[in-house]
Structures are given as C-alpha cells and as structure tokens.
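Have a look at the structure below before the remarks.
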Amino acid sequence: MTIGEALLNLRKQLGLTQTEMATNVVSTSFYSKVERNIHDIGTNDLLQILNKHQINATYFFENLNDKENISEDIMDKISANCKIKLNTVPIQ
C-alpha cells in the first residue's frame with residue numbers, strides 16, 4: 001500500500017471529501033494526485049493533514065509499514081521528523 005492509497009482509505013473512513021482532507025495544507029488538485037500516486041506528498045504536508053484530522057502519525061505509519069515493505073532507514077527519518085513536528089517522546 002502506498003501513502004496515497006493509505007490516505008484515500010483514511011479519508012473514506014473519516015467520510016471526508018478530498019477538499020476537506022486537504023484544505024489549508026495543499027490544493028485539492030495536488031491532494032487528488034497524491035491519492036492516485038501521481039505526486040508524492042512532503043513529510044510536513046502529510047503530518048499537517050494527519051494532525052488536522054487528529055490522526056496519530058505513528059499509528060498511520062505503523063499500519064502503512066505493516067502493508068508495505070518500507071526500509072527501516074526511511075521509517076527512522078519519518079519517525080524523527082514526527083517527533084520534531086509533534087514534539088513527542090518515543091513510546092518504549
């Protein structure tokens with residue numbers, strides 16, 4: 001599963017439109033292309049979307065990681081960025 005597919009599934013679970021999901025973060029057009037895997041979304045924009053809808057970033061990436069073989073190096077970078085952006089402490 002790609003990040004775009006995961007966002008699409010999440011948006012549908014939340015019952016939101018693409019516009020509602022992306023408002024004040026990225027354009028609806030760009031967001032639509034992310035869901036269709038035409039564009040990649042930046043980490044900051046993705047975290048803003050997740051935070052805006054009260055989605056735990058760790059949960060999102062753990063579920064994504066369960067379904068996709070993402071390298072540990074990439075997951076470490078995402079995790080580090082999440083901690084900085086969300087001002088969180090790692091869960092042990």
Rounded to the nearest 0.5 angstrom, the CD1-CG distance for Ile3 and Asp40 is 7.5 Å
Using a 4.5 Å cut-off on heavy atoms from C-beta on, say whether the side chain of Lys52 contacts that of Thr23. yes
For the residue pair Ala22 and Ser27, what are the closest heavy atoms and their distance? CB-O, 4.1 Å
Do you reckon Val26 sits in the same ILVMFWY cluster as Val34, going by side-chain contacts under 4.5 Å, direct or chained? yes
Is the shortest side-chain heavy-atom distance between Val25 and Tyr31 below 4.5 Å? no
Closest heavy-atom pair and its distance - Ala57, Leu47: CB-CD2, 3.8 Å
Between atom CZ of Phe60 and atom CG of Leu50, what is the distance when rounded to the nearest 0.5 Å? 5.5 Å
Could you tell me the separation between the CG atom of Leu8 and the OG atom of Ser32, rounded to the nearest 0.5 Å? 9.5 Å
Under 3.5 Å, which donor-acceptor pairs do the side chains of residues 9-16 form with other protein atoms, sequence neighbours left out?
unit_1, atom_1, unit_2, atom_2, d
Asn9, ND2, Glu5, O, 3.4
Arg11, NE, Glu35, OE2, 2.7
Arg11, NH1, Leu16, O, 3.0
Arg11, NH2, Glu35, OE1, 3.1

Contacts satisfying ring-ring contact (aromatic ring centres under 6.0 Å, His included) that involve residues 5-28 (not counting sequence neighbours) are none
When you measure from the side chain of His53 to the backbone N and O of Met21, does any donor-acceptor pair fall under 3.5 Å? yes
Taking all non-hydrogen atoms of both residues into account, name the closest pair between Ile49 and Ile41 and its distance. CD1-CD1, 3.8 Å
